[in-house]
Structure formats: C-alpha cells, structure tokens
Amino acid sequence: MKLVIRADAPLMLQGLIEPLKRLGIWSDQKHPKGIAVGRRLQEQAQKRRAECPDAEWDEAQWAAEEAALLKIMAHCPSDGHMVSWFLQSLLVPADMPLSFLELLTGWEIREKAQWRSESISLHAILWLKEIGAKPMPQLHGTLLRIERGDNLAVLVMDDDFVGEKEIPTLWEHRDHSVEHVDEGMLIMQVNLDDSSPEWLAYVLEQCMRAGANDVHFLPVTMKKSRPGTLLQVMCYQSAAEAIKTILFTETTTFGIRTFPVACHRLARRFATAQTQWGEVQVKLGYHRGKRVQVAPEYAVCAQLAEAAQVPLKQVYQEAIRLADEKVL
C-alpha cells in the first residue's frame, strides 16, 4: 500500500490518528517493538527540545504529540514492507530552530512566516525519519481513497503499476519508488596514462561526494601502446560543473568527453527480513508492476555472517526467502 500525507499546515501527529484508524491499518493490539521504538523517539525529541527556548513550547501540545507518537508506533508500526509512506513538501515555520531544521536534510520544505516554531512537531519529523517516508513533490498515480484529518489528509495511491506504454520519462527524478526513465543524466569520460592509483581512488571519493551516481575505472590501451585508465562518471546534469572541476583539478586530463544519457530505473520497495541471525533490509525492484530483483543489504548480511560464523550466501539466501514470503 502506498500512503501519501498532504498537509495544509505544519504536520502534527495528533491529526493522523483518526485517518489511520479509518484506513484500516490500525491494530487493536499493541505491538511491543513499536512501543519500544516510540519511547526511543520520545527520548530523542526530549534531547532536542533542550536546545530550544522553553518559552516557545506549549507543554500541553508537547504532551499531546508525545502521546500521539506512542499510539501510532504501538498500533500502526512501520514494518518496512506493508506500507510505503510518502509526504508532499513539508510546511515549516519561518523561525524553526536550527536543531530541528538539520533533521530535514534531503527533504523538500516550504517555509511560512505565519506559523511560529511551536507549531512544528519534532515528534512528527522523527516519526517520518523512522518510517522511511520519502518526499513526493508532485502527486503521480491513481488516487484510490482519501481520509481527512486536522489540516491534513492521507491519500491511498495505486502501487505504481505501469503498463507497457506508461513508464514515465522524467528529468533528474530522485524518487526511485516509481519506475521511470530519467533523461537528466550525463556520462563524462577522461583517458589517463600518468595518474597514480592512489590519486584515482581520491578522485572517486570526491566525485561521489559531489553527487556522482556511478564512477568506474576501465583499463584501456592509449596512443604509443601505453596502458591507461578510462575514468567514467555518471551524474545528474545539474552536478556536471562541480564534477568537471574535480576532474580538471584532481586528474592530469586536458579534456573531458560528455554524453547525455537516459537511465531506466526500476521501482524500488524495501522489506525487512527477520533471519535467525538478525534483521536484514532487502531491496526489491519492480518492472511494469512485477518484481524482478531482490537484493539484501550486503553490509548487514556480512556483519551477521561474521558474527555467527556462517557463510555469507546462507544469510543472503534466507533473507531473500523471507522477503519473498512477506511480499507475496
């Protein structure tokens, strides 16, 4: 299920409870794991609150948000596979504390002067981060249902199924939950025959930090039969100038070849597999609405395999099997 939160004011968790109940994803039974996560988020919020002027915060409002957070986590916990959460651009007050604002890195936000900082819910921000909600600048897909709350609504959208001719062509689209063809990409290439491998490793790191999607080194034969390296970078066109500067200043090249390319990306979902050795997040890829890729998180699998002294492929295979059982 794909749920989208659309709010006309800074998001408050109190207004979400009734819409969630009406959508039928509210459990009458409390989930102990959800309660534990809720209490952890409450502690995080309390630590952040100490960084802000006490006079700006209404005690009753803070207590109500704490209670709403615990209720939602207890009765509607995020398990990483039943529900995919999205949020349209988050509305924030103009005087929002910096300690709160830094939590929103990577989100699309809209600042409004008419709201004061006490109208933003730190608990809601922490909850959105915990459930892995993704920004959704524009609605796309079929609207199946809508449940309204206080200054907000929860929209039930289709599961991004696209037919043979319906895969959208987009430009620098960073929301990978939807299958699409991104035409806002570039490939840049340079030939190098006089660069240290240590320098090239540094160049790779700098390109990735500047926004590169992929960086590759390929062996090539250059003029006078000298062995060399083809350095290839794929990035969004908006990151091109920054990466060109890195290639010119950090390598020995005198020229950069640039090609516009389109990247066809599968729709991505995430499931959590509770293996006998521990929890593993699994990435699922969908083509035209059908699952075609399953990829457990390598770093977690390797850590669990080493701790339990079992083969890595054994952890992989169980994570894939459990993920398949959950999403079927």
Side-chain angles (χ1 to χ4, degrees), residues 2-6 84-90 104-110 132-144 155 157-192 200 203-218 220 229-251 253 255-270 283-295:
K2 175 176 169 181
L3 301 181
V4 182
I5 300 173
R6 183 167 184 171
S84 296
W85 282 98
F86 296 83
L87 178 71
Q88 289 206 269
S89 56
L90 188 64
L104 302 177
T105 303
W107 282 82
E108 179 184 347
I109 62 174
R110 282 190 292 145
K134 304 175 185 66
M136 192 179 199
Q138 294 180 328
L139 292 177
H140 48 77
T142 303
L143 177 60
L144 304 177
L155 289 65
M157 307 290 292
D158 65 0
D159 202 27
D160 294 331
F161 173 79
V162 287
E164 186 171 349
K165 297 182 179 180
E166 296 175 331
I167 295 173
T169 299
L170 304 169
W171 186 270
E172 295 203 11
H173 192 65
R174 291 167 171 78
D175 178 5
H176 294 175
S177 64
V178 181
E179 184 176 8
H180 64 279
V181 176
D182 193 329
E183 292 188 338
M185 309 298 297
L186 286 177
I187 284 182
M188 287 184 278
Q189 294 179 341
V190 296
N191 289 347
L192 305 168
L200 295 183
V203 171
L204 184 152
E205 294 173 359
Q206 294 302 307
C207 287
M208 296 301 291
R209 288 174 184 168
N213 296 68
D214 289 302
V215 182
H216 297 129
F217 299 116
L218 303 172
V220 294
T229 300
L230 171 65
L231 168 56
Q232 180 168 283
V233 181
M234 186 173 77
C235 65
Y236 291 113
Q237 293 194 20
S238 59
E241 291 306 313
I243 292 176
K244 281 182 182 179
T245 298
I246 293 170
L247 295 179
F248 278 130
T249 57
E250 298 290 356
T251 76
T253 190
I256 301 171
R257 294 184 297 276
T258 303
F259 309 94
V261 297
C263 184
H264 187 151
R265 295 191 177 95
L266 297 179
R268 300 179 189 182
R269 303 284 187 279
F270 293 90
K283 182 165 62 176
L284 310 170
Y286 290 80
H287 177 52
R288 305 191 190 284
K290 295 182 180 180
R291 191 172 73 254
V292 294
Q293 299 291 350
V294 182

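Quick caveat: nothing in here was measured; it's all calculated off a predicted structure.
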Nearest 0.5 angstrom please: Gln293 CD to Lys290 NZ, how far?
15.0 Å

Could you walk me through whether Arg257 and Asn191 satisfy the side chain to side chain contact (heavy atoms under 4.5 Å, CB included) test, starting with their C-alpha distance in whole Å, then the side-chain angles of each, then the deciding distance to 0.1 Å, before giving a yes or no?
CA-CA 9 Å; Arg257 294 184 297 276; Asn191 289 347; 3.1 Å; yes

Tell me, do Asp175 and Phe86 make a side-chain contact under 4.5 Å, heavy atoms counted?
yes

Does one side chain, of Glu179 or His264, offer a donor that lies under 3.5 Å from an acceptor on the other?
yes

Once side chain to side chain donor-acceptor pair (under 3.5 Å) is applied, do any residues pair with Gln88, and if so which ones, sequence neighbours excluded?
Arg6

Can you name the nearest heavy-atom pair linking Ala239 to Ala210, along with the distance?
CB-O, 3.9 Å

Phe259 and Met188, any side-chain heavy atoms less than 4.5 Å apart:
no

Expected output: side-chain Asp182 to main-chain His173 donor-acceptor under 3.5 Å
yes

When rounded to the nearest 0.5 angstrom, what is the spacing between OG1 in Thr253 and NZ in Lys244?
12.0 Å

Arg110: what forms a side chain to side chain donor-acceptor pair (under 3.5 Å) with it, not counting sequence neighbours?
Ser89

Please report the shortest heavy-atom distance between Cys235 and Gly211, naming the atom on each side.
CB-O, 4.3 Å

Validation row: Val181, Cys263 side chains within 4.5 angstrom (heavy atoms)
no

Nearest heavy-atom neighbours spanning Ala212 and Val233
CB-CG1, 3.7 Å

Leu200 vs Phe217 side-chain heavy atoms within contact, under 4.5 Å
yes

Nearest 0.5 Å, what's the CD-OG1 distance between Glu183 and Thr169?
5.0 Å

The criterion is side chain to side chain donor-acceptor pair (under 3.5 Å); which residues satisfy it with Ser238, sequence neighbours excluded?
Glu172

Hey, is the main chain of Ser177 close enough, under 3.5 Å, to the side chain of Arg269 for a donor-acceptor pair?
yes

Polar side-chain atom of Thr229 near backbone of Leu231 as donor-acceptor pair, under 3.5 Å:
no

In the structure I gave you, are the side-chain heavy atoms of Leu266 and Val292 within less than 4.5 Å of one another anywhere?
yes

Is there a side chain to side chain contact (heavy atoms under 4.5 Å, CB included) between Leu90 and Leu104? Walk through the geometry before answering.
CA-CA 9 Å; Leu90 188 64; Leu104 302 177; 3.7 Å; yes

Please assess Arg288 against Ile167 for the test side chain to side chain contact (heavy atoms under 4.5 Å, CB included), listing each intermediate value before the final yes or no.
CA-CA 8 Å; Arg288 305 191 190 284; Ile167 295 173; 3.2 Å; yes

The reported gap from CD in Glu250 to CG in Leu204 (rounded to nearest 0.5 angstrom) is 12.5 Å

Hey, what do you get for NE2 (His216) to CD (Gln232), rounding to the nearest 0.5 Å?
7.0 Å

Note, Trp171 side chain near Gln237 side chain (heavy atom, < 4.5 Å):
yes

Scanning both residues in full, the closest heavy-atom pair of Leu144 with Met157 reads CD1-O, 3.8 Å

Can you name the closest pair of heavy atoms from Leu247 and Cys207 and give their distance?
CD2-SG, 4.2 Å

Are Phe248 and Ile256 close enough that some pair of their side-chain heavy atoms sits under 4.5 Å apart?
yes

Nearest 0.5 Å, what's the NE2-CZ distance between His180 and Arg174?
10.0 Å

Check Gln206 against Ile246 and note the closest heavy-atom contact, atom names and distance.
O-CD1, 3.4 Å

A side-chain contact here means heavy atoms from C-beta on lying under 4.5 Å apart; do Lys134 and Trp85 qualify?
no

Please lay out, stage by stage, how Glu205 and Val215 fare under the test side chain to side chain contact (heavy atoms under 4.5 Å, CB included).
CA-CA 9 Å; Glu205 294 173 359; Val215 182; over 6 Å; no

